[in-house]
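So you know, we letter chains A, B, ... as the sequences are listed, proteins then strands, and number each from 1.
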Amino acid sequence: MSTAGYWPWWAGAAALGAITVGFWMAVRRPLGVTGVLARFVNLREEIEAERKDAALALADEAALAAALVAATRESFGDAMSPSLTPLPMPAVRRSGARPRLAAHALFLGGLVAGGLLSRLLRGGLASGPGLGDAYARVVCGGWRACAVLIAGGALVGFGTALAGGCSSGHGLFGCARLQPGSLVATASFFGAAVGVSLFLEGGL
Amino acid sequence: MTDRPAAAKKTCSHLDTCELFPKFAMKAALKVWQSCYCEGQFESCARYKLALQGRPVAQSLLPNGKELAPMLLPWLGMNAREV
């Protein structure tokens, strides 16, 4: 398919790398678009979780430790150690606290706004269904393209839920952290994408 | 002939994102949570199960499924309705 009108591949790669590293430095959390989107699918549960966490946000460290000790005593009784001395911090790469829903709503809004802005800067919005001539030639055009896109979107949603992440979460972030599951997931979905593209183009 | 090395201890795969795990390091008395769940039966951890399903995990949810927030009330001077 034609890539005319897109950024050069190296500029896109540099931008994605900068966003991935910048997101980690700012938020200390993995960046995964479907993970962000999933929070709004589970909106009611997310709001309930934020409500419960509000009490923890009000507590200082001493109050939190005291509550945890009380909960430990209730759950484990005599099995718990009586020592209240601090332990050394576990040697695990830590992520930061989960951003609030409002922050992730801004993030999703930014994705849409960024796409619209990019399109407007390149000559305005196109009208009608479909994704252009190249897409119509390889897949289909017109209103049939809408049905294909909806079906494809549903399959992507199903796949990312099954794989625990998408091309941003696994491909950008997981691979950058050399997480084995992410390496396998990325190789699988990009391998499948290359195979299907070649098949549709008649190269296989 | 040398002894076979001990099998690597399996730990929860969500340690780096779990917001409660580092709090169990605040006091030695809390280590039992890590031993029992994070480095033990993490498959039975309520937080792990929710995370696997991609559902939100409240920071106040304890591994045994109970809530920590009510335990904080005496220290915060609040009643249950305010939480």
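- Closest approach of W33(B) and L68(A) over heavy atoms only: NE1-O, 4.4 Å.
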For residues 106-115 of chain A, tabulate all N or O donor-acceptor pairs below 3.5 Å that involve a side-chain atom, not counting sequence neighbours.
none

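- Contact between A29(B) and T72(A) at its shortest, heavy atoms only, is O-CG2, 3.6 Å.
- Taken from CE in M71(B) to CZ in R73(A), the straight-line distance is 10.5 Å, to the nearest 0.5 Å.
- Between K52(A) and A69(B), the shortest heavy-atom contact is O-CB, 4.1 Å.
- For a residue to count as touching a neighbouring chain, one of its non-hydrogen atoms must lie under 4.5 Å from one of that chain's; by this rule E67(B) touches chain A with the side chain only.
- Residues meeting the side chain to side chain contact (heavy atoms under 4.5 Å, CB included) test with A163(A), sequence neighbours left out: H170(A).
- Atoms CG and CG, from L64(A) and L20(B) in turn, are 8.0 Å apart once rounded to the nearest 0.5 Å.
- Contact annotation for E61(A): both backbone and side-chain heavy atoms come within less than 4.5 Å of a heavy atom of chain B.
- Counted within 6.0 Å of CZ on R119(A), heavy atoms from surrounding residues, nucleotides or ligands total more than 12; the atom is thus considered enclosed.
- Taking non-hydrogen atoms and a 4.5 Å limit, the residue list of residues 32-45 of chain A in contact with chain B, ordered by number, reads N42(A), E45(A).
- One finds the CG atom of N64(B) at 6.5 Å from the CZ atom of F76(A) (value rounded to the nearest 0.5 Å).
- For F189(A), the ring-ring contact (aromatic ring centres under 6.0 Å, His included) criterion is met by no residue, not counting sequence neighbours.
- Around the CD atom of Q53(B), the shell of radius 6.0 Å holds more than 12 heavy atoms that belong to other residues, nucleotides or ligands.
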Determine whether K66(B) and E74(A) satisfy the following criterion, salt bridge (charged side-chain N to carboxylate O under 4.0 Å, His left out), listing intermediate values before the conclusion.
CA-CA 10 Å; K66(B) 293 184 178 176; E74(A) 187 184 283; 3.5 Å; yes
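- Judged purely by atom type and a 3.5 angstrom limit, D53(A) has no side-chain atom pairing as donor or acceptor with the backbone of A58(B).
- In this structure, chain A has no heavy atom under 4.5 Å from any part of C38(B).
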